[in-house]
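First comes the structure, then the notes that go with it.
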Amino acid sequence: MAPAVFAAETLNKIEEIMARYPTRRAAILPVLYLAQEEFGCVDDRALMAASKVLGVSKADVYGVATYYSMFETKPFGRNVIHLCDNLACSLLGAESLQDHLERKLEIQMGQTTTDGRFTLKNAECLGACAQAPVMLVNDDFYEGLTDAKIDEILAKYE
Amino acid sequence: MEKILLNRVHLKNSRSIDVYLAHDGYKGLKKALGMTPQQVVDEVKLSNLRGRGGAGFPAAMKWGFAAADPKQPKYLLCNADEGEPGTCKDRQIMEGDPHELIEGMVIAGYAFGAEHSYIYLRAEYPKVVSILETAIAEAEARGYLGANILGSDFSFSIRVHRGAGAYICGEETALIESLEGKRGQSRIKPPFPVNVGVFGLPTVVNNVETLANVPHILLKGGAWFAGIGSPKCPGTRIISLAGHVNKPGYYELPMGITFREVIYEYGGGIRGGRKLKAFIPGGASASCLVPEHLDVQMDYDAVAAAGSMLGSSAMTVMDDTTCMVKVAARLMRFFVHESCGKCTPCREGTEWLLKLLDRIEGGEGKLGDIDMLRELCGLISGKTFCPLGEGALGPVQGTVKYFEDEYRAHIEQKCCPLKERHVRQ
């Protein structure tokens, strides 16, 4: 198992980020984003590494990490789909899109495909209600979704 | 009516500083730096600019409170945690005209004496991070941001801070906690952030749309702004229009326009020629309104008088196939997920409300459930730390008030009476 420390390059980036704030602790969210990227999820090693650079107890870092929905404590897929199913999307068919995604990927909401290619999550409003229904795949945003459009989009991700 | 905030977003390369400068960009800042900070506050006071985050608090008053506090340094926080379901207005500004926001922030910082600022951006807008950072770097390179702005002795920095997916962080004290690196849970007020804010220092939290108005006010004058739209609440509003309308979208319209104009003129009416059943006028926390309210004017006071709130001016329109119990349940699921858990009435109350709503929607409701919904709302209202708990009541109170018969029908028929007409796609 890899040691619970950040790579030297990440540490440099972290120091740069920390200079933006008057306290080290204020950098906790950006550090957790980096930790998630480096360790694959915010697992025990990631928490240890973050705790060390932040000077904040591991328990405290865990408390913060588990409060926010962007951080995962367990490994997830190479691509993360956030399907919005809040009201505006729901009025325009988000539920049936969820059915389609679940059937197509052979997983339930919240799960990861066995090949690790996709994790399916729901999102509480992606702030694009006028283009509903919408989803985010990693950092890419897709609007006006239909079953066919979803099929096309998924094909782009390995 | 001429647009103010979105008057540049249609231009080619609208994000670039060159395009911004060619279209009145940073002229408001130049003018502000030739005035005293107090004069800038006074100009904005004259404009009667009210906060666009939802509460409608006068912006200049907030700045005045922070300016009066002797503690240093002071902070400006731009609330870009646009999480209220239905809302996508701030995104239009940040993606289309980021310098408008930056200029507004620099002027605000000058007005109340802040040196540092952060844009707290919601996590769900990952691409906006680099758009803002590019614009910040451009502004720094041209001397509109950083040390000794335009040769003055005023220095100001802006950093982008990406949130991590918690709706509550749009509440200003939760935003502050989150920025300090903690769980984003609301603080009790007082003390108010203008005195004890981020890192214990005087802090002004302003919404993106509020700040984006500031350069225009400086450039054209407070009196000009005060004459636009509704006298008590002047200016324009970026309305996010979603749901069952023919033309959903973002519309910058003067305050005081009626819902009828928004839905039927701009939104092109209800899809498929169906009938309007209800609309939410200001984000998920706002109680729904019904066709009899179509002629209500969109300003904070008029919408409050109609029993709802203008909030973030996010309108969600629903046609006559919509099950209102389902709408309430869907929105309550959101509030249950987003309740921070700090105070009992919100944490437990929203769970109870959701259980009742799901039960009714699923055809297993009991006749006393409607009264219990009302009773629970009474037990939560006014008893929570922050407005999230209060906001969670909006969807229940509106639907119970206007659609009690529909609730009753669910209970009596033991299923959704609209099921056959339900549109799923």
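Chain A is the first sequence line, chain B the second, and so forth, proteins listed ahead of strands; every chain is numbered from 1. Values below: all heavy atoms of this structure, side chains included; hydrogens, waters and symmetry mates excluded.
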Could you tell me which non-hydrogen atom of V64(A) sits nearest to which non-hydrogen atom of G181(B), and how far apart they are?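 For V64(A) versus G181(B), the nearest heavy atoms are CG2-O, 3.5 Å.
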For C125(A) against R122(B), the heavy-atom pair lying closest together: O-NH2, 2.7 Å
Which one of A314(B), S178(B), G83(B) has the most heavy-atom pairs closer than 4.5 Å to chain A?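 Heavy-atom pair counts peak at S178(B).
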In Å and rounded to the nearest 0.5 Å, what is the CD to CG distance from E124(B) to D139(A)?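 Output value for this atom pair is 11.5 Å.
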Checking R330(B) against D85(A) for the side chain to side chain contact (heavy atoms under 4.5 Å, CB included) test, could you report, in this order, the C-alpha distance in whole Å, the side-chain angles of both residues, the deciding distance, and whether it holds? CA-CA 9 Å; R330(B) 178 61 198 88; D85(A) 66 348; 2.9 Å; yes
Portion of [X] that has a non-hydrogen atom of chain A nearer than 4.5 angstrom:
X: L241(B); value: backbone
X: R159(B); value: side chain
X: S157(B); value: neither
X: S240(B); value: neither
X: Q92(B); value: neither
X: F199(B); value: side chain
X: R91(B); value: side chain
X: V317(B); value: backbone
X: E82(B); value: neither
X: C169(B); value: side chain
X: Y75(B); value: side chain
X: K182(B); value: both
X: Y125(B); value: side chain

Assert top hit (heavy-atom pairs under 4.5 Å, partner chain B, pool A88(A), P30(A), G63(A)) equals G63(A)
Per-residue contact mode, [X] against chain B (heavy atom under 4.5 angstrom):
X: D140(A); result: both
X: L136(A); result: side chain
X: A128(A); result: both

Kindly indicate whether the side chain of [X], heavy atoms from C-beta on, has any atom under 4.5 Å from the side chain of [Y].
X: N86(A); Y: R333(B); answer: no
X: C129(A); Y: C88(B); answer: yes
X: L91(A); Y: K326(B); answer: no
X: L87(A); Y: P85(B); answer: no

Using a heavy-atom distance cut-off of less than 4.5 Å, which residues of [range] contact chain B?
range: residues 67-82 of chain A; result: Y67(A), Y68(A), S69(A), M70(A), F71(A)
range: residues 18-29 of chain A; result: R20(A), Y21(A), P22(A), T23(A), R25(A), A26(A), I28(A), L29(A)
range: residues 149-158 of chain A; result: none
range: residues 106-119 of chain A; result: none

Pair Y33(A)-R162(B), side chain to side chain contact (heavy atoms under 4.5 Å, CB included): steps then yes or no: CA-CA 10 Å; Y33(A) 275 116; R162(B) 187 181 175 203; 3.5 Å; yes
